[in-house]
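Beneath this line is the structure, given in structure tokens, with notes to follow.
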Protein chains: 2
Amino acid sequence: MASIKDVAAEAGVSVATVSRVLNDHPSVSADARARVLAAVGALGYRPNAVARSLRTDQTHTLGLVISDVLNPYFTELARSVEEEARALGYSVIIGNADERPELQDHHVRTLLDRRIDGLLVSPTDGGSPLMLDAARSGTPMVFVDRWIPGLDVPVVRADGRAAVRDLVAHLYGLGHRRLAIIAGPAATTTGSERVDAFREALRAYGLPLPDAYIGQGDFQAASGRRATEEFLDLAEPPEVVFAADNLMALGALDAVRARGLRVPDDIALAAFDDIPWFVHTDPPVTAIAQPTPELGRAAVRAVVDLIEGRPPQSVTLPAALVVRRSCGEPPPMDSAPMDSAPVNVTQRSNP
Amino acid sequence: MASIKDVAAEAGVSVATVSRVLNDHPSVSADARARVLAAVGALGYRPNAVARSLRTDQTHTLGLVISDVLNPYFTELARSVEEEARALGYSVIIGNADERPELQDHHVRTLLDRRIDGLLVSPTDGGSPLMLDAARSGTPMVFVDRWIPGLDVPVVRADGRAAVRDLVAHLYGLGHRRLAIIAGPAATTTGSERVDAFREALRAYGLPLPDAYIGQGDFQAASGRRATEEFLDLAEPPEVVFAADNLMALGALDAVRARGLRVPDDIALAAFDDIPWFVHTDPPVTAIAQPTPELGRAAVRAVVDLIEGRPPQSVTLPAALVVRRSCGEPPPMDSAPMDSAPVNVTQRSNP
DNA sequence: ACAGCTTATGGAAACGATTACATGCGTGAT
DNA sequence: ATCACGCATGTAATCGTTTCCATAAGCTGT
């Protein structure tokens, strides 16, 4: 593959001049510029990004470590992250942790070895030593969706509290009193937060949340299925199951179907994270929708601010309830898409 | 960040020795090795992958350019690719083309600039100059799912012909005679192939495939919706719509629902590519399932063979029909998962 | 005791770019 | 006519590795 030397030789100038042309440095004669450009074209030369990065100590690359690529929520997030990054002149390398802390560490490590300029993470656990080191050692880093408490790292996330309250109001209004939740791993913020929000909302209605109605899931479909089976085996099964993410809701549907039961007649279902398929499931699933693309964009802007020396912003956007038929009583129409006005914008600090 | 020099200084040896320890070269004394390892630990040293790549001219990285991250089929493919690559000591950088040729070119270009060791592509179009150049200039490259005819590039894909025949037999058996298809872009192999297979299968039953029953889609949901609306506006609408991928099937469901019609009573639906959600849609969707993870693994093995100088294998695996209820008459049970014995294994040549 | 190996080590070149510094030249001001 | 300045250009150092080559020391076999 042609190198800058070959271009220089072809154009009859020094490598310095070629470099100057390529980085459009002002002081290059029109003549030299033309000859260099011609040589570049003739040789099909493309600068070696590896060499350039070594010299400049910049890769113009962001690392994105997500918890699970198979989860449509994260895939949508990844897409918006890449889009915004591209607009700002950065590439993105995605690492899929599959909800496994050691895989997450693997990806963080290789990304760091590659000297990415900044890191976007949706942590799978409470923070491995590696992750803590990275955060403290000053790698530009931003948490998205989930975060690790106690670190001075900006967080970009959706706040589901209000939407969960709306959901519980909706369920209460439909006459449901025995509400259960399939939680995510307690080590993740979204895992515990959603349970807390749910518990709090129930309390407002004087409803209990017995331990038996808290299923332990791990954000994967299989765990949703297992938890739902346990609910159904209870002497007094819940009337509603609220899955803390869309994959566990899928697992819940599997479990219900396997028993030959029907949603919502035998048991109602709601989920955190809305996805296009929820419109066409049987029945359409009531869900809490996050402004996912906005989150991705905000997260990118935050890391890039950090990288380029500007003060980064933590951002919290509201999630919204989308009522469908999986909890009973068909509403007249599909709820309107959520709006995404920031509910709360803080300066470089954790909630 | 600590460099190899710092380690050398700390350990009281030369950088050459440090390098030898790190790459476990045989001739290093036990004493030196211990001192180096201690220094590495003390400084938290990690080799700079950028510098290493520059020197060795290897990045141990594969590029994967997929047509659409939001398509669960590709997301599953990406996951298996990354998994297999990791097992073989490679990282993967994913580029999402969003079915747009110019975005695809953008990603191919940046991946090439990064000097990835090999490229896995599922081309969005018939082959841009850039892609053709890359293929001909000897970049280790393998096509997966889709391919560009006329290039000496190994192809790893599923053959859906038999499954499409099975599908048509199934539909015919249910009494359907007016069958329509929503095609993918003609510039993609999967776009045209699936139509061809469908047409051929129809011919076997003496059924026509009028032009009005061939909807032009682009593998995205919106186009599936549009095509389906056009079908429904026909004086004589089809009895069945076969979507050439799962997103267009989603769009078709949207269209049917918007008209207040029902599947399969008013119109039947089938799709290419099976996804977990199809089990829970209303009604469950009959689909043609590809052995996606196997495809990903085979593709990785093929590029790695190419990279490491072994003869690569083109691989074709069979797809299988999974009958559900979206075409009528509920079958007794969900069909068994397809098996994935290779149907056809060729040596470095295009089908 | 010595030639000839093997083993351990360090010095330095190289990978392909960017960039500080030096140089030479033309031009405008004095 | 001279000086100073700015512009265009080239030389060379540098980034962090790997690896070739040279060298020194230790060992074996005669």
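Chain naming here is simple, since letters A, B, ... match the order of the sequence lines and numbering starts at 1 in each.
OP1 and OP2 of D:dT18 both lie 4.0 Å or more from every side-chain N or O belonging to B:Thr56.
Atoms CD and CZ, from B:Glu83 and B:Arg297 in turn, are 7.5 Å apart once rounded to the nearest 0.5 Å.
Taken residue by residue, residues 1-9 of chain A places no heavy atom nearer than 4.0 Å to DNA chain D. Residues of residues 40-50 of chain B that place a heavy atom closer than 4.0 Å to DNA chain D, in numerical order, are B:Tyr45, B:Arg46, B:Pro47, B:Asn48.
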Show me the protein contacts with nucleotides 22-25 of chain C, counting only N or O atoms at under 3.5 Å.
none

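Considering only heavy atoms from C-beta on, A:Val13 comes within 4.5 Å of A:Val18 through its side chain.
For the pair B:Ser137 (side chain) and B:Asp133 (backbone), a donor-acceptor distance under 3.5 Å is present. For B:Thr61 (side chain) and B:Thr59 (main-chain N/O), a donor-acceptor pair under 3.5 Å exists by modelled atom type. The closest donor-acceptor contact from the side chain of A:Thr139 to the backbone of A:Met141 lies at 3.5 Å or more, if one exists at all.
If you check the side chains of A:Tyr73 and A:Asp68, you find no donor sitting under 3.5 Å from an acceptor.
Atom CG of B:Leu54 is separated from atom P of D:dT14 by 17 Å (rounded to the nearest Å). Per the geometry, CG belonging to A:Asp24 stands 15 Å off C1' belonging to C:dT19, to the nearest Å. Counting to the nearest Å, the P atom of D:dG16 and the CG atom of B:Asn23 are 17 Å from each other. For the pair B:Asp113 CG and C:dG16 C1', the interatomic distance rounds to 13 Å; values are reported in whole Å.
Every residue meeting the ring pair (Phe, Tyr, Trp, His ring centres under 6.0 Å) condition with A:His60, not counting sequence neighbours, appears here in chain and number order: A:Tyr90. Partners of A:Tyr45 under the ring pair (Phe, Tyr, Trp, His ring centres under 6.0 Å) rule, at least two apart in sequence or in another chain, do not exist in this structure.
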Exercise. Run the numbers on A:Arg46 and B:Asp113 for salt bridge (Lys or Arg N to Asp or Glu O under 4.0 Å), then give the verdict.
Key: CA-CA 7 Å; A:Arg46 299 242 78 212; B:Asp113 286 356; 2.7 Å; yes

Exercise. Please report the C-alpha distance between A:Arg35 and A:Asp31 in whole Å, then the side-chain angles of each, then the deciding distance to 0.1 Å, and finally whether the salt bridge (Lys or Arg N to Asp or Glu O under 4.0 Å) criterion is met.
Key: CA-CA 6 Å; A:Arg35 292 219 309 283; A:Asp31 175 59; 2.5 Å; yes

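Counted within 6.0 Å of CG on B:Asn23, heavy atoms from surrounding residues, nucleotides or ligands total more than 12; the atom is thus considered enclosed.
Each of A:Asn96, A:Asp98, A:Asp125 was evaluated against A:Gln104; a single residue qualifies, A:Asp125, per the side-chain hydrogen bond (donor to acceptor under 3.5 Å, both in side chains) test.
Between B:Glu99 and B:Arg146 there is a salt bridge, since at least one side-chain N of the basic residue sits less than 4.0 Å from a carboxylate O of the acidic one.
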Quiz prompt | Base versus backbone protein contacts along nucleotides 6-14 of chain C [heavy-atom cut-off under 4.0 Å; B, S, -] | solution = --BBBB-BB

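Nucleic acid contact class of A:Asp57 (heavy atoms, under 4.0 Å, all strands): none.
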